[in-house]
Amino acid sequence: MLVLAGAGSGKTRVLTHRLAYLIHRREVHPNDILAITFTNKAAREMRERCEALIGDSIRGMWIGTFHGIGLRILRLNAERLGYSSSFAIFDRADQQRLIKDILKEQNLSEKQWQPNAILDRISRAKNDLLGPADFKPGDYFEQKVADLYVDYQKRLFEYNAMDFDDLIRLTTHLLLAHPDIGTHYAEKFQHVLVDEYQDTNHAQYRLIKAFSKIHRNIFAVGDSDQSIYGWRGADIGNILRFESDFPEADIYKLEQNYRSTSPILEAAHRIIRHNAARQEKELWTRRDGGDPVIFYHAPSAEMEARFVVSYIEQLAREENRPWSDFAILYRTHAQSRLLEMTCHERSVPFRILGSVGFYDRTEVRDALSLLRVIANPQDWVSVRRIINRPKRGIGPASLDKIQQFAEANGLNIHEVLANPESVPGLNKPQRLGLARFGQGLISVLQDVQQRSPAEILEAALDAVDYWTYLDELEPITSFSRRDNLRELIASAQQFVVDVRRGLIPGAEDIESQGQGALLAFLNGVALVTDVDTYEESENQVTLLTLHSAKGLEFPVVFMVGLEEGLFPHARSLLESTALEEERRLCYVGMTRAEDRLIMTSAASRSYYGEYPSPTVISRFIDEIGEDMLAELEPRESESCLMPPADHKLGASLNRSAPKKEKQKEMSAPKVKWQAGEKVRHRVWGEGRIVGCQRREDDVELTIVFDSEGLKTVVADYAPLEQVKD
DNA sequence: ATGCCCACGATTTTT
DNA sequence: TCGTGGGCAT
């Protein structure tokens, strides 16, 4: 069954009621039901709401993210793939470390072979279920990637580690290549429910098929208009093809929206209908007669931020709204800085979702590396990270010696540390340093089985003198790092409590101490994100990217930076599929709003501390159309302050502000070229100016060429001519 | 091995 | 603007 569930149409409700129905009415055992979501938050919410319906009877049900479910199955069957069940999970930072080490060994420069580009390509291959042996390189770049992929995967295996994509890919492989295991799970799972089906990639699609091979009960819920993870390998085709994929399936559409007022829905629909690849549906609501969608074009990015924050203050005051009613959505994290500063100035309480996450902080990563070395002695990425903190005189050269010695003799780090003097070629300070580290760690290892994750963490930090290391830092840094480490310890304590209460899916059978508990804790940490920890209850304005806003809703939503090149993002301008994804992103953002939606742009904005340059208002604003937008005029004296108070019916608003003329005013007349103009370059052909940057004595133009993509040229020298638009 | 300075380049979104 | 990698002195 496929349920095409429009934004705000109650898909979580459908899913939870279906689960409750299966267990309660159809008497399916919860153990035999698999429900897959994309975020832990969604999984938690589904579990809670289902519990509210049928109480304890959901115990044992498989609810989790793709990665979480994959992990759980892989832990149980790791040996069948040649891994040990204590394998580590490598996040992007670990992956980068690993690929950089490989590049270094092969004397390849990171400039020429950018680690992120390589990892992206490997990730795409994995999402297509292509292993190192199956990967067929197309161009020169991919030939190198193919080589690196082989080494990268070999190294992961040696380190007993998997990256995020492996959690899906290897699970699928496990089920397909080992018929006994595949049949076991396919027999077991009588019902497979999938949330956000439009965001599945090929590997996930195959995994779902493998799970449901025998009972053939797939219940997929999704919305092709909300597919925003194409860049991460999600294949919108999965949902578009559902009918032909499963000819015996029933399809339902949910088109009533229970969230937003009708102006918001209509504006959103005007955007999304510009897309070609979609399953037609039109949302309707009983919430007629809401406030019009507001558009405000600020003179500058600073003014835009001030407008947003003062508008929030005004609405909070006039409509007696708590801060938590408001969300500010932006395309890129970089945009959060200005808004953050402005909130700060005005003492408006806020929180930023998803920037530098808790688990990305140096000290937290250090501490987790320590635990990972304890849990999985083959994880050399973690060994290399932690072994010299605090300084023990063991730099890169010594590290290589130690690791080479270990590899040559088939030893893991625990075994090396038991006998540190056996490592050849080290000088005295290095030998002493290694021995010191070894003594500390081994003392912790001895009673891992009798200790909880929190106790192990505390003991380990003590044993390797980590606190001393913090002492050497600036007092302020040192203080906040201690704070964070205490928080990490507290979260480890909380983890044990959660396990006991059965709140950690797949960890019901885990003890509260020892190696198993430690691994479970590390797993949990590896898969959580900032959005997962978001709590509605805190009374703060929420700042977040459009992507992380998916699945959330707010009474008042601000979408900022509606400018060509920013949103839609410059990298999407060349490809129509990418542009359509931007459009869906816009749709997702708009449909987060319950009562009020305010969209803004700035006439000038600076990137990376450069001089501000003029911008072009986003095409999305045009697509909504002036008749649907209440446009606020910036007022000279107080443009940074309040919008008109009586905007309710849009009566006092300039509803058809002459945008195009305004743009002309913005760029200084002495500049020959303007952003937005169509031009022809003698070599690169036709393109459109998207940025115009004044330097000391020249003008730099950023141009998207039809054939060449994004280029930057100096206006005085570039062979450019104007083209009629 | 370590620490400091300088130049450089990148900035989309994240389970 | 910021983080980082390379070069160089200690």
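Lettering follows sequence order; numbering is per chain, from 1.
- Residues satisfying the side chain to side chain donor-acceptor pair (under 3.5 Å) criterion with T200(A), sequence neighbours excluded, are N238(A).
- By the side chain to side chain donor-acceptor pair (under 3.5 Å) test, E563(A) is found to be paired with R605(A), residues two or more places apart in sequence or in another chain being considered.
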Using a cut-off of under 3.5 Å, enumerate the N/O to N/O pairs linking the protein to nucleotides 2-7 of chain B.
residue : atom : partner : partner atom : Å
dT2(B)  : OP1  : G393(A) : N            : 3.2
dT2(B)  : OP2  : N388(A) : ND2          : 3.0

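- Between the CD atom of Q96(A) and the C1' atom of dT4(C) there is a distance of 12 Å, rounded to whole Å.
- For R571(A), the listed nucleotide lying nearest its side chain is dT11(B); candidates were dA1(B), dT15(B), dT11(B).
- In this structure, H547(A) atom NE2 and dT12(B) atom C1' are separated by 7 Å, rounded to whole Å.
- Between Q204(A) and dT15(B), a side-chain N or O to OP1/OP2 separation shorter than 4.0 Å is absent.
- Taking every side-chain heavy atom of A397(A) into account, dA1(B) is the closest of dT15(B), dA1(B), dT12(B).
- Residue S398(A) places its side chain closer to dA1(B) than to any other of dA1(B), dT15(B), dT14(B).
- Among dT15(B), dC2(C), dT12(B), the nucleotide with an atom closest to any side-chain atom of R337(A) is dC2(C).
- You won't find any donor-acceptor pair under 3.5 Å spanning the side chain of W231(A) and the base of dT12(B), going by distance alone.
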Are Q335(A) and T332(A) close enough, and set up right, to give a side-chain hydrogen bond (donor to acceptor under 3.5 Å, both in side chains), and what steps lead you there?
CA-CA 6 Å; Q335(A) 292 168 260; T332(A) 68; 3.2 Å; yes
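- Residue pairs meeting the salt bridge (charged side-chain N to carboxylate O under 4.0 Å, His left out) criterion with at least one partner in residues 329-341 of chain A, sequence neighbours excluded, are R331(A)-E582(A).
- Across all strands shown, E581(A) has no heavy atoms under 4.0 Å from either base or sugar-phosphate atoms.
- Rounded to whole angstrom, the span from the CG atom of D165(A) across to the C1' atom of dT15(B) amounts to 9 Å.
- Judged as a side-chain contact (heavy atoms from CB on, under 4.5 Å), and not counting sequence neighbours, the contacts of A161(A) are A88(A), F90(A), L156(A), Y159(A).
- Regarding R331(A), its CZ atom lies at a distance of 14 Å from the P atom of dT11(B), rounded to whole Å.
- Screening residues 391-403 of chain A for salt bridge (charged side-chain N to carboxylate O under 4.0 Å, His left out), with sequence neighbours left out, gives R384(A)-D400(A).
- Here dT12(B) presents its P atom at 17 Å from CD1 of I228(A), a figure rounded to the nearest Å.
- N201(A) has its CG atom 20 Å from the P atom of dT13(B), to the nearest Å.
- Nearest-nucleotide mapping onto DNA chain B: of Q114(A) and R92(A), the residue sitting toward the 5' end is Q114(A).
- Look at CD on Q198(A): it is 15 Å from P on dT15(B), rounded to the nearest Å.
- Here dT14(B) is the nucleotide among dT11(B), dT14(B), dA1(B) with the atom lying nearest to any side-chain atom of T545(A).
- Looking at N484(A) and E363(A), their side chains do bring a donor and an acceptor atom within 3.5 Å of each other.
- Under the salt bridge (charged side-chain N to carboxylate O under 4.0 Å, His left out) criterion, E421(A) pairs with no residue, sequence neighbours left out.
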Review item, nucleotides 5-8 of chain C N/O atoms under 3.5 Å of protein N/O:
residue : atom : partner : partner atom : Å
dG5(C)  : OP1  : K100(A) : NZ           : 2.8

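- Contact check, H333(A) against dT14(B): a side-chain N or O comes under 4.0 Å of OP1 or OP2.
- With sequence neighbours excluded, the residues satisfying side chain to side chain donor-acceptor pair (under 3.5 Å) with D120(A) are R92(A).
- Among the protein residues, F164(A) comes within range of the nucleic acid bases, having at least one heavy atom under 4.0 Å from a base atom.
- Put simply, CD on Q95(A) is 13 Å from P on dT15(B), counting in whole angstrom units.
- Side chain to side chain, D163(A) and Y152(A) meet the donor-acceptor criterion of an N or O pair below 3.5 Å.
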